[in-house]
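A short write-up of the structure that comes next.
What's counted below: heavy atoms across the whole structure, side chains too, no hydrogens, waters or symmetry copies. Because the structure is predicted, anything quoted here is derived from the model rather than measured.
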2 protein chains.
Amino acid sequence: MGKPSGRKGSLLQSLRDRHVRITSQRKALIETIEEADGHLDAYTLLERARRRSPDVDLATVYRTLELLKKQGLIDELDLMHLHGEKHYYEARATRSHIHLACFRCGLIEEFVSPLYEKLTTEVATSRGFQVEVSRFEVGGICRRCSSSEGNEKSKGIHSV
Amino acid sequence: MGKPSGRKGSLLQSLRDRHVRITSQRKALIETIEEADGHLDAYTLLERARRRSPDVDLATVYRTLELLKKQGLIDELDLMHLHGEKHYYEARATRSHIHLACFRCGLIEEFVSPLYEKLTTEVATSRGFQVEVSRFEVGGICRRCSSSEGNEKSKGIHSV
DNA sequence: GTATTTGCAAAAGCTTTGCTGCAAC
DNA sequence: GTTGCAGCAAAGCTTTTGCAAATAC
């Protein structure tokens, strides 16, 4: 399943274009984000980034995420708080998409629709609102879980 | 500006219909939620509910919110984390609506559109996903802040 | 009378911050 | 050489949990 993500390596370039300082830690974190291709929480990002730069600290992870958010280069997701209150991050996609979170198995699906863009435009036009970020999340039961209704009890039975 | 909310007093009735125990604390909390008509965080809910029932505890607030969420009677919002990581709650509306959060002044607007329902239906149909909850939040700059661009510095200058 | 809910206090989870030394430009 | 970043450790804020006493039905 193809993800609606942007070209890899674009995050670093965007930072350079904006005259933001590129440190080795930021580089490691950004490369990790781009490699992951979506849905990383801060701690997972830390663990993976340490393969590239062993001394990265969690504080740096958060500070870098904050920076990237402010630059509009990544999006912050809640994924319906399926796994606690933490946040997830992904490189901003070329096309915005909805996240579907299955309460039963924990699967996260992505869904692209022209209606999404249309709706965002409608907000901007009719309310005079300059949209910088938007987030559409849906929670419920995925197709696979509905069809195996009642047979599966545990969470996480379908791979993410 | 009319809110797209349901009839007042319906939360308690819904609980009775579902044979959920009605305690005095739950009653106080529910009445407070309905009176507020939207966007209460847990601590504010506690403070207000204490006017009706002085001994309510924050733990009870969270437990009751959990109950109402599970029953699908309230919705949980993040409001783009405009004021920290806490959540906001509102009685589930008869029509689902988008929340627009202004990063500059903190104003939260609500926006109803047929496209929203259409999009949700599309998700259900094309992915076979049983939608239980959906949340569409938008962050950016509201009309008023765009027109007073650069003149206003502080947050919360426009009333919520 | 019995099962559930509550208050209290403590803990947990995620995120932010202060400070000093270090790295980028 | 300056300015801003990183690591470390500590604190912060929201939310959850264990347990004994109280409450609803």
Next on the checklist: Of the listed nucleotides (C/dA3, D/dG7, C/dT6), which one gets closest to any side-chain atom of B/Arg21?
Outcome noted: C/dA3

Next on the checklist: How many whole angstroms separate atom CD of A/Gln25 from atom C1' of D/dG4?
Outcome noted: 14 Å

Item to check | Residue from A/Val123, A/Thr121, A/Thr120, A/Leu119 passing side chain to side chain contact (heavy atoms under 4.5 Å, CB included) with B/Leu115 | outcome: A/Leu119

Item to check | Contact summary for A/Arg92 and A/Glu132, nearest pair of heavy atoms | outcome: NH1-O, 3.3 Å

Item to check | Side chain of B/Ile22 (C-beta onward), nearest among C/dC25, D/dC25, C/dG7 | outcome: D/dC25

Checklist outcome for this item: Between CG of B/Asp57 and P of C/dA10 the distance, given in whole Å, is 13 Å

Item to check | Donor on one side chain, acceptor on other, A/Glu137 and A/His81, under 3.5 Å | outcome: no

Next on the checklist: By the 4.0 Å heavy-atom rule, please label B/Asp55 as base, sugar-phosphate, or nothing.
Outcome noted: sugar-phosphate

Next on the checklist: What's A/Leu58 touching, base or sugar-phosphate or nothing? Going by heavy atoms closer than 4.0 Å.
Outcome noted: base

Checklist entry - Between atom CG in B/Leu65 and atom P in D/dT17, what is the gap in whole Å? => result 14 Å

Checklist entry - Can you tell which of C/dT17, C/dG7, C/dT5 lies closest to the side chain of A/Ala59? => result C/dT17

Checklist outcome for this item: Side-chain contact check for B/Lys86: nearest option of C/dC14, D/dT15, D/dC8 is D/dT15

Checklist entry - What is the distance, rounded to the nearest whole Å, between atom CZ of B/Arg50 and atom P of C/dG7? => result 8 Å

Checklist entry - Could you state the OH-C1' distance from A/Tyr62 to D/dC5, rounded to the nearest angstrom? => result 19 Å

Next on the checklist: From CG of A/Leu67 over to P of C/dT15, roughly how many Å is that when rounded to an integer?
Outcome noted: 17 Å

Item to check | Out of C/dT16, D/dT16, C/dT6, whichever nucleotide has its closest atom nearest the side chain of B/Thr23 | outcome: C/dT6

Checklist entry - Would you call the rings of A/Tyr88 and A/His83 parallel, tilted or perpendicular, where under 30° means parallel and over 60° means perpendicular? => result perpendicular

Checklist entry - Mapping B/Val20 and B/His87 to their closest nucleotides on DNA chain D, which lands nearer the 5' end? => result B/His87

Next on the checklist: Taking any heavy-atom pair under 4.0 Å as a contact, classify B/Arg63: base, sugar-phosphate, or nothing.
Outcome noted: base

Checklist outcome for this item: Rounded to whole Å, the OH-C1' distance (B/Tyr88 to D/dT15) equals 15 Å

Checklist outcome for this item: From CG of B/Leu15 across to C1' of D/dA24 the rounded distance in Å is 14 Å

Checklist outcome for this item: Among C/dT5, C/dA24, C/dG18, the one nearest any side-chain atom of A/Ser24 is C/dA24

Item to check | CD-CZ distance between B/Glu35 and B/Arg48, expressed to the nearest 0.5 angstrom | outcome: 7.5 Å

